[in-house]
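Whatever order the structure lists them in is the order used to number ligands and atoms, beginning at 1. These numbers come from a predicted model, not from an experiment.
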Amino acid sequence: MARAILIVLDSVGCGAAEDAASYGDEGSDTLGHIAEACAAGKADRDGLRQGPLRLPNLARLGLAHASEASTGKPLAGVAKPAAPAGQHGYGVETSQGKDTPSGHWEIAGCPVPFKWGYFTALENSFPPELVAAMIREGELPGILGNRHASGTAIIDELAQEHIRTGKPICYTSVDSVLQIAAHEQHFGLERLYELCRRTRVLVDPLRIGRVIARPFVGLPETGFTRTGNRKDFAIPPPNETILDRLAAQGRSVTTVGKIGDIFAHRNTGEEIKPFGNAAMFEAAVAAFERLPEGGFCFLNLVDFDTEFGHRRDVPGYAAALEAFDAMLPKLEAKLRPGDLAIITADHGNDPTWRGTDHTREHVPILAFGPGIGGGAIGRRESFSDIAATIGQWLGVGAMGPGRAW
Ligand SMILES: O=P(O)(O)O[C@H]1O[C@H](CO)[C@@H](O)[C@H]1O
Ligand SMILES: [Mn+2]
Ligand SMILES: [Mn+2]
């Protein structure tokens, strides 16, 4: 029997998808543009990082090969060894959208067969009936925001008014999301979650992917910061996922970070949710070590997206990639013969791109483990090839529409 660990580097895309133009993302390349900026000395930050992108471990596994296969261009400043140690390639998304649920569900063998609902109006984004229902259900004095916004910018702008009036800050983006920001003490964390639960029900008929609670703390004098108590209220995946299959066969599963939320807690096994990429990675490695034969660990590292991609912070994003790379040997040291590790991403979020939204990109795929020989797995026509490969590896039968490599 074998074990598997799947790591999603949230938003670490590797080049515009063929249909990127229809998302306004033609030419986007999260990884490539970060590497270019680093190689050009444009991603230096005192006390944080300097110079070319340093990813020796990912490069050894074939990251530069995967990126180049996707874009046709070398990954600037990142080594491309003659014989990479990992299986390397890139995935193409078949689902519509460029958000976390579509990406993760497709990775898990469940592409999205329907069109998401969106709040497309930049101002007064939410229909008046929905706003009225939220006010009624949440016993609110009103709402603030009601537009497209960056989550940190809108908190900076409206937090004081929120505290004064008790009205939560509601906003959206190009994704199928309704986000609600509120102060943990002034509004109350549980009250925010309850408002999100009720709003979830209200937006079900609109096919909105996620209602996201965005709690924050702080004072007007010192500023406001979002906390690790973010919570996503997603609709459940529309078809069977690898998690469902594993549960049906009695396998041990551990999910780390926001995986539980993304799959609406359906067959997500033991859920662990520490805060921050480093803590999540450590927890996942420890959980993987405990897994019995046949088990599966599924980890999402969200900081790339939330802290750096949406914030258009190139040095921050580069430093986060370098930090992940430096942690990777800790996982490799725990892999036993029969174990499979896969690293991939769910969409892009090019920090050099206009606006603050995700970008429609290919994703890198690296697979490795003791005894797994390196080599190209090429272009994968669906992220679902990952679930198919894991399903085959773990011996739970053909899984989803993908093809195992
Ligand atoms: O700007 P923040 O609040 O981080 O919001 C972002 O987070 C959502 C989920 O990734 C995206 O749709 C985008 O709106
Ligand atoms: Mn994501
Ligand atoms: Mn995001």
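- The NE2 atom of His347, the Mn ion (ligand 2) and the OD1 atom of Asp10 define an angle of 100° (nearest 10 degrees).
- Every residue two or more places apart in sequence or in another chain that forms a side chain to side chain contact (heavy atoms under 4.5 Å, CB included) with Ser70 is listed here: Cys14, Tyr90, His362.
- Between His104 and Phe263, the angle of the ring planes goes over 60°, which puts this pair in the perpendicular group of the 30/60° scheme.
- Metal site remark for the Mn ion (ligand 2): Asp99 contributes no N, O or S atom at a distance under 2.8 Å.
- Looking at Asp346 and the Mn ion (ligand 2) together, the shortest N, O or S contact belongs to OD2.
- Put simply, Asp175 stays out of reach of the Mn ion (ligand 3), with no N, O or S atom under 2.8 Å from it.
- Although no hydrogens or angles enter the test, the distance criterion places a donor-acceptor pair under 3.5 Å between the side chain of Asp346 and the main chain of Ser11.
- Not counting sequence neighbours, Arg403 has no partner by the salt bridge (charged side-chain N to carboxylate O under 4.0 Å, His left out) test.
- Checked against the Mn ion (ligand 3), the N, O or S atom of Asp305 at the shortest distance is OD2.
- The distance from the Mn ion (ligand 2) to the nearest N/O/S atom of Thr100 is under 2.8 Å.
- Of the charged side-chain nitrogens involved, at least one lies within less than 4.0 Å of a carboxylate oxygen, so that Arg245 and Glu240 count as a salt-bridged pair.
- The pair Asp99-Arg210 meets the salt-bridge criterion, since a charged nitrogen lies less than 4.0 angstrom from a carboxylate oxygen.
- Taking the centre of each ring, His148 and Tyr171 stay at or above the 6.0 Å mark.
- Checked by atom type, the side-chain pair Thr389/Gln392 shows no donor-acceptor distance below 3.5 Å.
- The nearest N, O or S atom of His104 is not closer to the Mn ion (ligand 2) than 2.8 Å.
- Using modelled atom types and a 3.5 Å distance limit, the side chains of Arg312 and Asn349 yield a donor-acceptor pair.
- If you look at ligand 1, the protein residues with a non-hydrogen atom under 4.0 Å away are Ser150, Gly151, Tyr171, Ser173, Asp175, Val177, Gln179, Arg210, Ile212, Arg214, Arg226, Asp305, His310, Arg311, His358.
- Rounded to 10°, the angle formed at the Mn ion (ligand 3) by His310 NE2 and His358 NE2 is 90°.
- With sequence neighbours left out, Arg191 forms a salt bridge (charged side-chain N to carboxylate O under 4.0 Å, His left out) with no residue at all.
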